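This report concerns only the one structure given below.
A quick note: this is a predicted structure, and the numbers were derived from the prediction, not measured. The basis for the numbers below is simple: all heavy atoms, side chains too, and nothing from hydrogens, waters or symmetry mates. Within every chain, numbering begins at 1; the chains are lettered A, B, ... in the order of the sequence lines, protein sequences first and strands thereafter.
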Amino acid sequence: MPWPPKEAYGSLDAMLHAWDLEIPAAKALQAELAPQVRVEPLRSPPKVVAGVDIAFDKPSGRLFAAAVAFRLDPLEQIAAVSVCRPIPFPYVPGYLSFREAPAILAALEALPVSFDALLVDGQGLAHPRRFGLACHVGLWIDRPTVGCAKSRLIGEHEEPGIERGSTAILRKGDDRIGTVLRTRTNVRPLFVSPGHRIDFAGSIELTLRCTAGYRMPEPTRQADRLAAAAKREGLAASESAGG
DNA sequence: GCGACAG
DNA sequence: ATCTTGTCGC
Ligand SMILES: [Mg+2]
């Protein structure tokens, strides 16, 4: 199966070299790729949902990316992997994908099972150029992808109700860019926005279906934990090795 | 120029 | 994101 889809970018080679860019070039690339993002209803209900996240170790300049797959109905973990890579890009608001996407893609390629949808720890459409981390990764894997961020990057919104499931529209000017979704009663809401191949309603529904007692959806929450664990043992391993 | 600012 | 123990509230 042809993955990643080079057709979506014109040239896979160009995209492979597009990870190492200066801010101005990265900004231009986002503007060029944003029109490729498709906000549309899910074509078929996802059976397997994957989640990804990263743990950083500034001292060693390394990062640990994890990908965890969950089957729905009932929600249960079926696979998990982690990879180690050098940190490729500094954290710059608006350019998170250039720091995290390469490693996320590597982790997803290492996942031993196929997945129908992906949950990312960051914004999707709710981005200055409508091209957050979830859009970048979603376009690459060409599968339904949702951005589930813990805080706001841009946009205005009202406060959603305190009950789990309550929502408030996240907007920029007259355009809707996402949803402020309460995944747990009386707990800070999440900022959910489409990454690719899914719409606002679908991103809300999928996020809620993947939530089990915690603020963060399970795929992303477990990926966060695995990345942190990989970091701990990764550092311990390099220490005992003398590095 | 100043403040905001995913992870 | 990361540095980090105990403490407050549902
Ligand atoms: Mg993260």
Review point. Are there more than 12 heavy atoms of other residues, nucleotides or ligands under 6.0 Å from atom CD of A/E159?
Key: yes
Check your understanding: Can you list the residues that meet the salt bridge (Lys or Arg N to Asp or Glu O under 4.0 Å) rule with A/E76, with sequence neighbours excluded?
Key -> A/R71
Review point. What orientation do A/F131 and A/H136 show, parallel under 30°, tilted 30 to 60°, or perpendicular over 60°?
Key: tilted
Check your understanding: Heavy-atom contacts under 4.0 Å between residues 193-220 of chain A and DNA chain B, which residues?
Key -> none
Practice item. Using a 4.0 Å cut-off on protein heavy atoms (strictly under), produce a 5'-to-3' string for nucleotides 3-10 of chain C with B for base contact, S for backbone-only sugar-phosphate contact, and - for none. Key: S-------
Review point. What ring-ring contact (aromatic ring centres under 6.0 Å, His included) pairs are there with at least one residue in residues 65-86 of chain A, not counting sequence neighbours?
Key: none
Review point. Under a 3.5 Å cut-off on both pairing distances, which runs of 3 or more consecutive Watson-Crick or G-U pairs involve DNA chain B?
Key: none
Review point. Does some side-chain heavy atom of A/I154 sit less than 4.5 Å from a side-chain heavy atom of A/R130?
Key: yes
Exercise for review: Sort and list the pairs that fulfil ring-ring contact (aromatic ring centres under 6.0 Å, His included) and have at least one residue in residues 160-184 of chain A, not counting sequence neighbours.
Suggested key: none
Check your understanding: What stems involve DNA chain C, if each pair must be Watson-Crick or G-U and both of its distances must be under 3.5 Å, with 3 or more such pairs in a row?
Key -> none
Check your understanding: Are A/V68 and A/Q77 close enough, and set up right, to give a side chain to side chain contact (heavy atoms under 4.5 Å, CB included), and what steps lead you there?
Key -> CA-CA 7 Å; A/V68 180; A/Q77 187 176 318; 3.5 Å; yes
Exercise for review: May I have all residue pairs that pass side-chain hydrogen bond (donor to acceptor under 3.5 Å, both in side chains) and include part of residues 187-202 of chain A, sequence neighbours excluded?
Suggested key: A/D142-A/R197
Check your understanding: When every nucleotide of nucleotides 2-7 of chain B is labelled 5' to 3' by its protein contacts under 4.0 Å (heavy atoms), B for base, S for sugar-phosphate only, - for none, what sequence of letters results?
Key -> --SBBB
Review point. With a 4.5 Å limit on heavy-atom distance, are the side chains of A/L206 and A/P144 in contact?
Key: no
**Study point:** A/R85 with A/E100: basic N within carboxylate O range, under 4.0 Å
**Key:** no
Exercise for review: Return each pair, listed once, that meets ring-ring contact (aromatic ring centres under 6.0 Å, His included) where at least one residue sits in residues 148-170 of chain A; pairs must be two or more places apart or across chains.
Suggested key: A/H157-A/F191
Point to revise | Neighbour count above 12 (heavy atom, 6.0 Å) for A/E158 CD | key: no
**Study point:** A/C210 side chain reached by A/L72 side chain, heavy atoms, under 4.5 Å
**Key:** yes
Check your understanding: Which side-chain hydrogen bond (donor to acceptor under 3.5 Å, both in side chains) pairs, counting each pair once, include a residue from residues 211-227 of chain A, with sequence neighbours left out?
Key -> A/E218-A/R221, A/E218-A/Q222
Check your understanding: When Ile, Leu, Val, Met, Phe, Trp and Tyr are grouped by side-chain heavy atoms lying under 4.5 Å apart, directly or through other members, which residues fall in the same group as A/I169?
Key -> none
